[in-house]
Amino acid sequence: MRGMPVRYAAAILSLVALIALSLRLVVAADDLTEAAGVLAAIGVVVPGLAGFVGLALRGARWSAVTLALGLGAASALVATTPTTAASIGSWGVATCALGMLALAAPQLTVPTTGPPAVAVMLSLALLFVPLALGGSDPAGPSPAHWVAAAVAVASAWLYTQAWWVGLWSVRLAVPAALAVAAALSPWPGAILLIAVAVAVTVAAWTRGARLAVIEIAPLRSPAYPIPPELAPDDVLQAAGIDRSGRKVRDA
């Protein structure tokens, strides 16, 4: 409870930084078309919202990492898309710096239970795919880029619901969609998308990724059945049975 106000402040400030950088990409990018800027902004805001909720409500470390990665990726893209409106760029970098500093303040927790770490990282990585797609072709995303972005986000949602269709979508549909988008991108963007597709594929075929969608069977009791005639009297009394195994009726 003591660290909650700090977490709230860090989450809000980081989200504001992400939104500021996203607006910078959309309205003030000279090297990106408006459509590419919108797609890149989606790839920043969507994981940013997930990180904001996790940091504000749970104080989870993965939430802070997600926000930090979003801030860093958006800042890198902003730095490579110069604009004539220098004040917008300066404000975005300053806001990003404040957000990064805020992430160092909260008391973060590491869950002892839950899905494997690789499954969490895979789910969050899929939310950043639209950012990679937006920056892969500065001339403007093709319909294949938009389809790949939709497939990645939808697959992430299905996978986080622990559905098998989500796992197979991540394993097959996402790499295929990224490969098609890479074929329609200039060579620097194509290399980026192929690298993302390979990373997603490798992570999706790990044991930890598969365990996240397996329904864990209840653990069996370590107790062993024994005949009633061999059980101690206190055990029989607690169970309410006699040495023949019949229920003892109260007098």
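Note that the coordinates shown come from a computational prediction; the quantities given were computed from them, not determined experimentally.
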Flag the pair V153 / L126 as yes when at least one side-chain heavy-atom distance between them is below 4.5 Å, and no otherwise. no
Minimum heavy-atom distance between F128 and G43, given as atom pair plus value: CD2-O, 3.6 Å
Rounded to the nearest 0.5 Å, how far apart are CG of L67 and CH2 of W62? 9.0 Å
A162 to A212 - nearest heavy-atom pair and separation: CB-O, 3.7 Å
Does a side-chain heavy-atom distance below 4.5 Å link L124 with P47? no
Closest non-hydrogen atoms of G51 and S63, given as atom of the first, atom of the second and distance, are O-CB, 3.3 Å
Give me the atom names and distance for the closest heavy-atom approach of A148 to A181. CB-CB, 4.4 Å
For residues 201-209, which side-chain N or O atoms pair as donor and acceptor with protein atoms under 3.5 Å away, sequence neighbours left out?
residue, atom, partner, partner atom, Å
T201, OG1, A197, O, 2.7
T206, OG1, A203, O, 2.7
T206, OG1, A209, N, 3.4

Quick one, L178 and L133 - any side-chain contact, counting heavy atoms below 4.5 Å? yes
Hits for side-chain hydrogen bond (donor to acceptor under 3.5 Å, both in side chains) against S155, two or more places apart or cross-chain, chain-then-number order -> S169
How many angstroms lie between CG in L69 and CE in M121, if you round to the nearest 0.5 Å? 11.0 Å
Return the OG to CG distance between S136 and L192, rounded to the nearest 0.5 Å. 6.5 Å
Report yes if the distance between the aromatic ring centroids of W157 and W163 is under 6.0 Å, otherwise no. yes
Mind checking whether D137 and S142 have side chains closer than 4.5 Å, heavy atoms only? no
Min side-chain heavy-atom separation S185-H145 under 4.5 Å: yes
Listed by chain and number, what are the side chain to side chain contact (heavy atoms under 4.5 Å, CB included) partners of V45, not counting sequence neighbours? S22, L49
Where do L39 and G134 come nearest, in terms of heavy atoms and distance? CD2-N, 3.7 Å
Between W164 and R210, is any pair of side-chain heavy atoms under 4.5 Å apart? yes
Shortest non-hydrogen separation from V44 to L131 and the atoms involved: CG2-CD1, 3.7 Å
